[in-house]
*Asks:* 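Below you will find the structure I want to go over with you.
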Amino acid sequence: MTSGPECRARRVLTESPADLLLARLADELGRSYRITDVELFQVDYRLSVLLPLGDGDPLTGPGHPAWRCYDHQQPVLADGVGWFPVGMRGERRGVLRLTPVPDDRTAVGELTRIATALGHELAAVTAGTDVYRSSRRARRLTLAAEMQWELLPGRSRDRPSFRLAGQLEPAYAVRGDSFDWSDDGSRLWLSAINGTGEGVAASMLTALATHALRNARRGGLALADQVALADQAVYALHRGEQHLSALVMELDLASGVLTAVDAGSPRLVLLRDGEVSEQVLDKQFPLGMFEGTDYRHQSFELRRGDRLFVLSDGVIDATGQHVRYGETALDRFLRRTGPMTPLDAVRSLIGDLRAFVAGDLVDDAVVVCLDWTGPQE
């Protein structure tokens with residue numbers, strides 16, 4: 001294995017300049033597997049189109065082999081072309097197209113692992129080059145949206161005890177809604193912000209709250225104290241003239257106990273055994289509204305197989321033809337997401353909202369989906 005083609009390809013990826021990952025990988029795959037064409041397709045910010053790194057055509061059709069590969073996270077071989085999922089730790093970045101693909105099970109397994117290694121390298125180098133960010137855009141991001149996307153931890157995350165995904169809408173013009181998460185193997189922290197204001201001002205307010213929550217979390221503060229610190233940070237700058245709503249949660253990965261602080265938050269919805277219900281929380285003041293707000297936490301236990309949705313008001317209030325999307329339509333749709341992965345559930349809900357309003361949403365919306373799959377061994 002130390003000198004085999006898979007190992008050589010991995011070494012090429014780790015040693016390549018950040019902007020030349022695909023070019024150097026293509027050279028190595030040509031030598032080792034006689035592959036003559038290599039192209040990376042990355043999913044765009046709306047999760048609606050796969051965009052080539054090079055000069056090829058975007059892929060939009062849901063029945064295309066590339067989308068089957070992306071959706072099922074399995075290699076798809078069709079007409080001598082191989083499509084391989086590119087991602088890491090549950091974060092789906094796109095697919096790798098290889099032509100011609102070897103008709104050999106061992107080689108296909110090696111190429112699948114190489115595509116995963118490419119996903120890890122893309123995550124490692126993206127902060128230092130704009131090559132991969134720029135090619136993920138079907139159109140230009142607004143400045144506010146640029147700030148919001150840079151703030152996110154990712155769009156999906158998988159561990160043995162949970163699966164997680166989130167999405168912002170309108171993807172290319174989002175202003176104040178956001179989400180954040182982190183885990184340390186024993187706990188998962190998750191927050192969602194329902195921002196206020198317009199444009200860059202809304203993004204700056206959300207960024208302040210997000211960084212304050214991270215600072216408090218990384219300092220080891222208890223959950224309610226994390227929220228209090230963020231509240232103080234917003235109030236100290238704006239003296240109550242600006243505020244924003246947040247839901248901040250901590251999940252114990254051994255017990256399934258979820259602790260939450262509701263600061264005027266987005267809606268929390270539970271899907272359990274096919275039934276949808278709102279998880280009632282104690283409503284408390286939004287962040288930055290008053291000086292020295294004393295926040296309280298509350299806890300409840302998740303059951304294995306439970307699914308939670310965090311939804312900002314932009315979801316329920318979405319309007320098409322002068323009709324609100326509403327809670328009835330929302331509950332009916334959430335019930336249908338049971339068999340889907342969290343990312344597919346989030347993408348499907350956003351897609352249904354876009355179809356309902358016949359275009360992009362006018363108001364910001366954030367959707368986060370969390371599956372509790374049981375304690376880790």
Side-chain angles (χ1 to χ4, degrees), residues 89-90 153-154 156-166 178-194 209-210 212-231 245-287 293-312 331 334-335 337-338 340-343 345-346 366-377:
R89 304 182 189 278
S156 51
R157 181 91 166 94
D158 287 353
R159 288 203 66 151
S161 55
F162 71 86
R163 296 184 299 174
L164 183 62
S178 188
F179 58 84
D180 191 31
W181 60 60
S182 178
D183 72 90
D184 65 359
S186 61
R187 291 169 295 177
L188 165 69
W189 293 272
L190 171 62
S191 62
I193 289 177
N194 190 1
T210 299
L213 286 169
R214 288 174 178 172
N215 179 256
R217 182 185 74 221
R218 293 165 184 169
L221 273 64
L223 195 70
D225 293 332
Q226 294 174 28
V227 180
L229 188 146
D231 171 66
S245 300
L247 174 61
V248 185
M249 297 178 286
E250 178 182 312
L251 175 62
D252 186 303
L253 299 180
S255 65
V257 172
L258 186 75
T259 303
V261 176
D262 179 347
S265 74
R267 185 182 180 200
L268 184 62
V269 177
L270 173 67
L271 178 60
R272 173 179 288 171
D273 298 328
E275 295 300 320
V276 175
S277 61
E278 183 166 3
Q279 186 65 46
V280 178
L281 299 172
D282 297 333
K283 300 295 183 184
Q284 301 174 71
F285 291 125
L287 303 181
T293 300
D294 183 22
Y295 290 95
R296 305 172 307 280
H297 72 266
Q298 58 191 116
S299 299
F300 55 93
E301 189 170 347
L302 296 181
R303 299 178 189 170
R304 188 187 299 268
D306 280 354
R307 168 169 286 181
L308 287 173
F309 284 95
V310 183
L311 308 162
S312 67
D331 290 355
L334 295 183
R335 202 172 291 115
T337 69
M340 303 178 187
T341 67
L343 183 61
V346 166
V366 61
V367 179
V368 178
C369 179
L370 168 65
D371 281 356
W372 166 243
T373 52
Q376 298 184 81
E377 297 296 331

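Throughout, residue positions are numbered sequentially from 1 according to the sequence presented. Bear in mind that the values here come from a model prediction, so they are computed numbers and not experimental data. What you see below is based on every heavy atom in this structure, not just the backbone, and it leaves out hydrogens, waters and symmetry mates.
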*Asks:* Quick one: are Val310 and Leu308 in side-chain contact, heavy atoms under 4.5 Å?
*Replies:*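 In short, these two side chains do not touch, never coming nearer than 4.5 Å.
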*Asks:* Please tell me whether Ser299 and Thr259 have a donor and an acceptor in their side chains that are separated by less than 3.5 angstrom.
*Replies:*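 Their side chains do contain a donor-acceptor pair, which is all the 3.5 Å distance test asks for.
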*Asks:* In sequence, state the C-alpha distance, the side-chain angles, and the governing distance for Met249 and Ser191, and then conclude on side-chain contact (heavy atoms from CB on, under 4.5 Å).
*Replies:* CA-CA 6 Å; Met249 297 178 286; Ser191 62; over 6 Å; no
*Asks:* Find the distance between CG (Asp371) and CE (Met340) and round it off to the nearest 0.5 Å.
*Replies:*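 One gets 12.0 Å once the value is rounded to the nearest 0.5 Å.
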*Asks:* May I ask you to test the Leu281-Gln298 pair for a side-chain heavy-atom distance under 4.5 Å?
*Replies:*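 SC-SC contact between Leu281 and Gln298 confirmed.
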*Asks:* Side chains of Leu247 and Leu268: closer than 4.5 Å at any heavy-atom pair?
*Replies:*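 They are in side-chain contact.
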*Asks:* Within a 6.0 Å radius of atom CZ on Arg335, are there more than 12 heavy atoms belonging to other residues, nucleotides or ligands?
*Replies:*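 Buried by this count: over 12 neighbours within 6.0 Å.
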*Asks:* Is the shortest heavy-atom distance from the side chain of Leu258 to the side chain of Trp372 under 4.5 Å?
*Replies:*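 Result no, sub-4.5 Å side-chain heavy-atom pair not found.
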*Asks:* Does either side chain, that of Ser186 or that of Asp184, offer a donor lying less than 3.5 Å from an acceptor on the other one?
*Replies:*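 Looking only at side-chain atoms, Asp184 and Ser186 do form a donor-acceptor pair, the distance falling under 3.5 Å.
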*Asks:* Report the C-alpha separation of Leu213 and Val248 in whole Å, then their side-chain angles, then the decisive distance to 0.1 Å, and conclude whether the side-chain contact (heavy atoms from CB on, under 4.5 Å) test is met.
*Replies:* CA-CA 9 Å; Leu213 286 169; Val248 185; 4.1 Å; yes
*Asks:* Supply the atom-to-atom distance Arg159 CZ to Leu253 CG, rounded to the nearest 0.5 angstrom.
*Replies:*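 Between atom CZ of Arg159 and atom CG of Leu253 there are 7.0 Å.
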*Asks:* Find the distance between CD (Gln284) and OG (Ser245) and round it off to the nearest 0.5 Å.
*Replies:*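 Result: 12.0 Å between the selected atoms.
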*Asks:* State, to 0.1 Å, how close Ala263 and Leu287 come at their nearest heavy-atom pair, and which atoms those are.
*Replies:*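 It is CB-CD2, 4.0 Å.
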*Asks:* Given side chains that start at C-beta, do those of Leu270 and Val276 come closer than 4.5 Å, heavy atoms only?
*Replies:*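 They are not in contact (no side-chain heavy atoms under 4.5 Å apart), so the answer is no.
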*Asks:* Is there a side-chain contact between Gln226 and Tyr295, using heavy atoms and a 4.5 Å cut-off?
*Replies:*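 In short, these two side chains do not touch, never coming nearer than 4.5 Å.
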*Asks:* How far apart are the C-alpha atoms of Leu251 and Leu302, what are their side-chain angles, what is the distance that settles it, and do they pass the side-chain contact (heavy atoms from CB on, under 4.5 Å) test?
*Replies:* CA-CA 9 Å; Leu251 175 62; Leu302 296 181; 4.0 Å; yes
*Asks:* Show me the pairs that pass salt bridge (Lys or Arg N to Asp or Glu O under 4.0 Å) and involve residues 254-266, at least two apart or across chains.
*Replies:*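 Those involving residues 254-266 are Asp262-Lys283.
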*Asks:* For the CG atom of Asp252 and the CD atom of Glu301, what is their distance to the nearest 0.5 Å?
*Replies:*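 Interatomic distance, Asp252 CG to Glu301 CD, rounded to 0.5 Å: 9.5 Å.
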*Asks:* Any salt bridge (Lys or Arg N to Asp or Glu O under 4.0 Å) pairs touching residues 269-282, not counting sequence neighbours?
*Replies:*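 Residue pairs passing salt bridge (Lys or Arg N to Asp or Glu O under 4.0 Å), neighbours aside: Arg267-Glu278, Arg272-Asp306.
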*Asks:* How about Arg157 and Phe162: do any of their side-chain heavy atoms sit closer than 4.5 Å?
*Replies:*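 They are in contact (side-chain heavy atoms under 4.5 Å apart), so the answer is yes.
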*Asks:* How close do Arg307 and Ala345 get, heavy atom to heavy atom, and via which atoms?
*Replies:*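 Closest pair (atom of Arg307, atom of Ala345, distance): NH1-CB, 3.8 Å.
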*Asks:* Would you check, one step at a time, whether the test side-chain contact (heavy atoms from CB on, under 4.5 Å) holds for Leu271 with Leu334?
*Replies:* CA-CA 8 Å; Leu271 178 60; Leu334 295 183; 5.6 Å; no
*Asks:* Is the backbone of Ala192 close enough, under 3.5 Å, to the side chain of Ser178 for a donor and an acceptor to pair up by distance?
*Replies:*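 No.
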*Asks:* Kindly give the heavy-atom pair with the smallest separation between Ser161 and Pro375, and that separation in Å.
*Replies:*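 Result for this residue pair: CB-C, 4.4 Å.
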*Asks:* Check Arg217 with Asp180, please: is the shortest side-chain N to carboxylate O separation under 4.0 Å?
*Replies:*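 The answer is yes: the pair qualifies as a salt bridge.
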*Asks:* Of all the heavy-atom pairs spanning Arg304 and Gly374, show the shortest one and how long it is.
*Replies:*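 The pair with the smallest heavy-atom distance is NH1-CA, 3.4 Å.
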*Asks:* Taking only residues two or more places apart in sequence or in another chain, which ones pass ring pair (Phe, Tyr, Trp, His ring centres under 6.0 Å) with Phe285?
*Replies:*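 Only Phe290 meet the ring pair (Phe, Tyr, Trp, His ring centres under 6.0 Å) criterion with Phe285.
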*Asks:* Measuring from Ser156:OG to Arg89:CZ, what's the distance to the nearest 0.5 Å?
*Replies:*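 The distance works out to 13.0 Å.
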*Asks:* Could you state the interatomic distance from CG (Leu223) to CD (Glu250), rounded to the nearest 0.5 Å?
*Replies:*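 So the CG of Leu223 and the CD of Glu250 are separated by 5.5 Å.
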*Asks:* Considering only heavy atoms from C-beta outward, does the side chain of Leu164 approach that of Val368 to under 4.5 Å?
*Replies:*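 Yes, close enough: below the 4.5 Å cut-off.
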